[in-house]
Amino acid sequence: MRRVALRSVAPAALAMAAAAALTLTTAPAAHAVGENSRCTINWSPNFGATVGKNGWNFRTGPSTGYASRGLLYRGDRLTVLCSRGSWDYSQLSRRSRSGMAQGTRGWVREDGLVSLAG
């Protein structure tokens, strides 16, 4: 009897494992590769933004729990690639005022940005 019960559970467990595998292997959006694969919204076309606050962290992930790549200052320009909650995955459009190289990518809280335009 016990053997029959396990056999009847096995197909259901296999089906659940297969569904989980399909969920994990679903391809992200075309440009959502690498760090920005954490995004829930992909912006196409990408949006330009300007930093509106001084000393704003440019982070390695979408929360304050991630390390800072450096600081952004009022007037630094970004291209917003995608978003997750109140965080935007962005790329520096030009060298930042703190010296980060043009093209550096990171996460910034959206309440520190102004002049969002697509």
Side-chain angles (χ1 to χ4, degrees):
M1 199 88 149
R2 184 175 223 171
R3 204 176 248 186
V4 172
L6 288 176
R7 284 186 183 164
S8 64
V9 171
L14 287 174
M16 287 175 35
L22 287 174
T23 302
L24 293 175
T25 58
T26 301
H31 75 279
V33 178
E35 289 180 75
N36 63 336
S37 64
R38 298 183 200 132
C39 292
T40 54
I41 299 171
N42 291 300
W43 298 108
S44 185
N46 300 322
F47 289 90
T50 303
V51 176
K53 298 187 177 188
N54 284 320
W56 212 239
N57 281 299
F58 201 40
R59 296 191 178 274
T60 57
S63 81
T64 57
Y66 288 90
S68 177
R69 292 189 190 280
L71 296 176
L72 300 170
Y73 290 89
R74 186 175 287 124
D76 282 341
R77 298 202 177 223
L78 302 166
T79 299
V80 178
L81 306 170
C82 60
S83 300
R84 180 183 185 104
S86 62
W87 291 85
D88 294 328
Y89 184 67
S90 307
Q91 178 174 311
L92 282 168
S93 300
R94 60 182 185 210
R95 185 176 187 85
S96 73
R97 291 180 60 201
S98 65
M100 285 185 285
Q102 176 182 348
T104 301
R105 290 185 175 194
W107 292 84
V108 61
R109 245 183 37 221
E110 66 185 17
D111 57 341
L113 302 178
V114 295
S115 305
L116 220 58

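Predicted, not measured: the structure shown is a model, and the values here were computed from it. Throughout, residue positions are numbered sequentially from 1 according to the sequence presented.
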Can you give the donor-acceptor pairs under 3.5 Å from side chains of residues 50-57 to other protein atoms, not counting sequence neighbours?
{"from": "Asn54", "atom 1": "OD1", "to": "Arg74", "atom 2": "N", "distance (Å)": "2.9"}
{"from": "Trp56", "atom 1": "NE1", "to": "Arg109", "atom 2": "O", "distance (Å)": "3.2"}
{"from": "Asn57", "atom 1": "OD1", "to": "Ser68", "atom 2": "OG", "distance (Å)": "2.8"}

Do you know the tightest heavy-atom contact between [X] and [Y]?
X     : Y      : result
Arg38 : Pro62  : NH1-CD, 3.6 Å
Leu92 : Met100 : CD1-CB, 3.5 Å
Gly75 : Arg94  : O-NH2, 3.4 Å

note = Here the gap from Gln102 atom CD to Ser93 atom OG, rounded to the nearest 0.5 Å, amounts to 7.5 Å
query = Which residues pass the side chain to side chain contact (heavy atoms under 4.5 Å, CB included) test with Ser63, sequence neighbours left out?
reply =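 For Ser63 the side chain to side chain contact (heavy atoms under 4.5 Å, CB included) partners, ignoring immediate neighbours, are Tyr66.
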Given side chains that start at C-beta, do those of [X] and [Y] come closer than 4.5 Å, heavy atoms only?
X     : Y     : answer
Arg59 : Trp87 : yes
Asn42 : Tyr89 : no
Ser98 : Tyr73 : yes
Leu72 : Leu78 : yes

message = Walk me through whether Cys39 and Trp107 qualify under side-chain contact (heavy atoms from CB on, under 4.5 Å).
response = CA-CA 10 Å; Cys39 292; Trp107 292 84; 3.6 Å; yes
ask   = Of all residues at least two apart in sequence or in a different chain, which pass the side-chain hydrogen bond (donor to acceptor under 3.5 Å, both in side chains) check with Asp76?
value = none
